[in-house]
Student: 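Submitted below is the structure of interest, expressed as structure tokens.
Computed from a prediction, not measured in an experiment: that's the story for all the values here. A, B, ... follow the sequence lines: proteins, then strands. Residue 1 opens every chain. Side chains included, hydrogens not; waters and symmetry mates left out as well; all remaining heavy atoms used.
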Amino acid sequence: MNKTGDGQIHAMRHSLAHIMASAVAKLWPKARFGVGPVVENGFYYDIDVPGVAISEEDFPKIEAEMRKIISEKQSFVHSVKPIDEALGWAKASRQPYKEELLNDLMRAGTTLASDLNSDELGTITSGEAKASEASFYTNGDFTDLCRGPHAKTTGDVGEFKLMRVAGAYWRGKDTNPQMQRLYGVAFETKKELAEHLLMLEEAKKRDHRTLGRDLDLFTFSELVGQGLPLWTPRGTTLRTELDRFVQEMRDEVGFMAVTVPHITKKDLYEKSGHWSKFSDELFKIKTREGHEFAMKPMNCPHHTQIYDSKQRSYRDLPIRYRETTMVYRDEQTGELGGLSRVRAITQDDAHVFCRYSQVETEVLTLWGIVEKFYSGVGMPLRMRLSLHDPAKRADYMGTDKQWKDVEATLRKIVQDKIGNDFEEAPGDAAFYGPKLDFMGKDALGREHQVATIQFDFNQPEGFDLTCIDENGAQERIAMVHCAVMGSIERFLAIYIEHTGGRFPVWAAPEQIRIVTPNQDEKVVELAQKIAEEAREKYGLRVELDTSNESVGKKIRESEMQKVPYLVVVGAKELESGLVMPRVRADMRVKEGNVEPIKVDNFLHTVANEAKSRVSKSSI
RNA sequence: GCCGACUUAGCUCAGCUGGUUAGAGCGUCAGUUUUGUAAACUGAAUGUCCGGGGUUCGAAUCCCCGAGUCGGCUCCA
């Protein structure tokens, strides 16, 4: 089964797109139709009603009309018209978008924007006809250009719900007029539809923007601006712990931390090519003396200058720099949202400067770190080899031969490691070289691009980076870039939703909460002593709640804050010196209540869990 | 950037077609209570109704401009 469903549900969804279009045609006779394909879980139709903005308030009306059509059980009648007759139909029924599609069908043999060069879309006017006829489907008095297949009648389409209306450029080109895209979801049964809607509710509960506020991780300020998240103490702890995981693994294999300023003179990016190529996304600064600077949109050009600060021997290589630091990109306002897309991006960046002969080992080492990290956070990975697009040579630096060579090198490294179990994506390379991109799958089954390892043969050229080889000659070096989390902001958006805010002990901003059942002086004293010991002796993050509230309330608070361990310290504990930790549900491995345990043993165990970065409790 | 929707207390939201001192629950604060594994009781405070301009006798409500948020599109080194 593919993403848009198997045969039957696919036909149902596609039929619903037609039914929705016929309902809209009935309500707004002037409506012009674009395309109406099946998508994951449903369908959409691109519609343009001159002078009218269809809104979600119109949905009840449209849905009612659709249900009427469904109850009429109209047959879907397939017909084939000669192409000129089809064009006549489009003209007569005032459907300019269909006319354009038919024209493309005739000239190019396809209507799919993805199969056509984007410059050709709708503009091919000459050449031999590649299609002589067009296929149509009719239900009731609504006829649509369509390849099918469809359900038998409008009565056989399962259960649906219109979801939202959104703007969409005609054929995906931002120079084209915008149409209104009406989205619906559809399933064979009422139950499946209800389950889907419930799943959406669940996903909403896990939304990192909501959890970010509820768990007090980050915030935004209108005064600071869009796309500029502000991290609270708790959120900063979470970031720091995740980054520490990555950096410890890097340091083990010889990376060294470096630090660079967040701005640079224009000159650096003129040399690297960023100034002209990414000019739109650069935050530019003019000094009072009129000199031009820019906020860094990436770190590699700065790092090259550290490498280039002295003459390097082949004996010194590989030289491995790491730096977790923010870069700044002037993203379009419409793209910003939560932490997924921001303007101040923290990258866990790393650059290896090495000989070409060392690239393979370096890539494999970095790959190992990526694997270890994602297995640590519980996300399965899929790898994609991102290559350049030979049709768009102008987008890439370097020569054809260089690209061919480095892509072959990278492909060989991949094949030697994992065989052919990977996808190749022409057009997804960086402008300076091909890369390995990693997709992580979250707990809700969604895939996100996360880590990246890049083979850069262009910046060493641009910045003339060399080492002295065994014979005393200058040798051009290569660079390998790697970000494990990619952007910490985007990774946290994913990770918060992946865990639902239930972070493992090692990453949790608060690891243990100690509550007292009352405010008895001796009890409070003991609780304070335990908290202090946990912090000072074991380096744990502990909060103490001795407020004047019921134990039940305090436990509820702790649960809602998703604190891994809760310990009630009262008269019993005062007497026995034992505690009975409450383990967060997702971390429990044993059924039932935990056994009383000595305070020291408990703290020791938790500290070990934090250190070994396990996600389950050993208590 | 483009299309559309939304913006009322810290949070979630109510406030019909313009009509006195703008509400609820949760949270907060205070007092009472001194509590044993998911919400004690009582009371109180809290608003630039996103900002600015306009229409009107009168605007949270209508119109315009701007900001922000959300859903998409385009983009994403």
Student: Does the side chain of A:Arg209 get closer than 4.0 angstrom to OP1 or OP2 of B:rG71 through an N or O atom?
Tutor: yes
Student: Using a strict 4.0 Å threshold on nitrogen-to-oxygen distance, state whether A:Arg206 and A:Asp442 make a salt bridge.
Tutor: no
Student: NA contact type, A:Lys554, heavy-atom cut-off 4.0 Å: base, sugar-phosphate, or nothing?
Tutor: nothing
Student: Under 4.0 Å, counting only non-hydrogen atoms across every strand here, what does A:Asp174 touch: a base, just sugar-phosphate, or nothing?
Tutor: sugar-phosphate
Student: Using whole Å, report how far CG of A:Leu200 lies from P of B:rG72.
Tutor: 11 Å
Student: Check the distance between B:rC2's P and A:Leu336's CG and give it to me in whole angstrom.
Tutor: 14 Å
Student: Looking at residues at least two apart in the chain, or sitting in another chain, which of them share a side-chain contact (heavy atoms from CB on, under 4.5 Å) with A:Lys61?
Tutor: A:Leu27, A:Trp28, A:Asp58
Student: For B:rC76, does either OP1 or OP2 sit under 4.0 Å from a side-chain N or O belonging to A:Gln332?
Tutor: no
Student: What contact category does A:Gly334 fall into here, base, sugar-phosphate, or nothing, at under 4.0 angstrom with non-hydrogen atoms?
Tutor: base
Student: Picking from A:Glu521, A:Gln528, A:Lys522, what satisfies side chain to side chain contact (heavy atoms under 4.5 Å, CB included) with A:Val524?
Tutor: A:Gln528
Student: Which of these, A:His303, A:His302, A:Gln347, sits in a side chain to side chain contact (heavy atoms under 4.5 Å, CB included) with A:Glu323?
Tutor: A:His303
Student: Between the base of B:rU74 and the side chain of A:Glu335, is there any donor-acceptor pair under 3.5 Å?
Tutor: yes
Student: Contact class for A:Arg582 (heavy atom, under 4.0 Å): base, sugar-phosphate, or nothing?
Tutor: base
Student: Quick check on ring pair (Phe, Tyr, Trp, His ring centres under 6.0 Å): which of A:Tyr44, A:Tyr45, A:Trp170 does A:Phe33 satisfy it with?
Tutor: A:Tyr45
Student: Could you tell me how far apart A:Asp280 (CG) and B:rU74 (C1') are, to the nearest whole angstrom?
Tutor: 13 Å
Student: Hey, do the aromatic rings of A:Phe431 and A:His274 have their centres closer than 6.0 Å?
Tutor: yes
Student: Check this one for me: any side-chain N or O of A:Arg341 less than 4.0 Å away from OP1 or OP2 of B:rC75?
Tutor: no
Student: Without hydrogens or angle criteria, can the side chains of A:Tyr565 and A:Ser617 be said to hold a donor-acceptor pair below 3.5 Å?
Tutor: yes
Student: List in chain and number order the residues that pass side-chain contact (heavy atoms from CB on, under 4.5 Å) with A:Ser279, two or more places apart in sequence or in another chain; answer none if no residue qualifies.
Tutor: A:Lys284
Student: Quick one: the dot-bracket string of RNA chain B, using Watson-Crick and G-U wobble pairs with both distances under 3.5 Å, [ ] for crossing pairs and | for bases paired to another strand.
Tutor: (((((((..((((.....[...)))).(((((.......))))).....(((((..]....))))))))))))....
Student: Could you check how far CZ of A:Arg588 sits from P of B:rU37, rounded to whole Å?
Tutor: 14 Å
Student: Say you pick atom P in B:rA39 and the same atom in B:rC13; how far apart are they, in whole Å?
Tutor: 24 Å
Student: Can you run down the ring pair (Phe, Tyr, Trp, His ring centres under 6.0 Å) pairs that involve residues 568-594 of chain A, sequence neighbours left out, and say none if there aren't any?
Tutor: none
Student: Would you check if A:Phe278 stacks with the base of B:rA77, given a 5.5 Å centroid limit and a 30° plane limit, both strict?
Tutor: yes
Student: Could you tell me how far apart A:Ile345 (CD1) and B:rA77 (P) are, to the nearest whole angstrom?
Tutor: 11 Å
Student: Looking only at N and O atoms, is any donor in the side chain of A:Tyr169 or the base of B:rG72 less than 3.5 Å from an acceptor on the other one?
Tutor: no
Student: CD/A:Glu63 to CG/A:Leu162 distance, rounded to the nearest 0.5 angstrom?
Tutor: 4.0 Å
Student: For nucleotides 24-32 of chain B, give me every protein contact, N/O to N/O, under 3.5 Å, one pair per line with atom names.
Tutor:
residue, atom, partner, partner atom, Å
B:rU32, O4, A:Asn548, ND2, 3.2

Student: Give the rounded distance in Å between these two atoms: OH of A:Tyr328 and C1' of B:rA77.
Tutor: 17 Å
Student: Assert yes or no for the condition that the ring centre distance of A:His351 to A:Tyr307 is strictly below 6.0 Å.
Tutor: no
Student: I'd like a list of close polar pairs between nucleotides 4-11 of chain B and the protein, N/O only, cut-off under 3.5 Å.
Tutor:
residue, atom, partner, partner atom, Å
B:rC11, O3', A:Arg213, NH2, 3.2

Student: To the nearest angstrom, how far is A:Gln178 atom CD from B:rC3 atom C1'?
Tutor: 4 Å
Student: Using atom P in both nucleotides, what's the gap between B:rC41 and B:rU46 to the nearest angstrom?
Tutor: 24 Å
Student: Regarding A:Asp348 and A:Thr324, is there a side-chain donor-to-acceptor distance under 3.5 Å anywhere?
Tutor: no
Student: Under 4.0 Å between a side-chain N or O of A:Ser550 and OP1 or OP2 of B:rU35?
Tutor: no
Student: Could you tell me whether the side chains of A:Lys562 and A:Thr499 share a donor-acceptor contact shorter than 3.5 Å?
Tutor: no
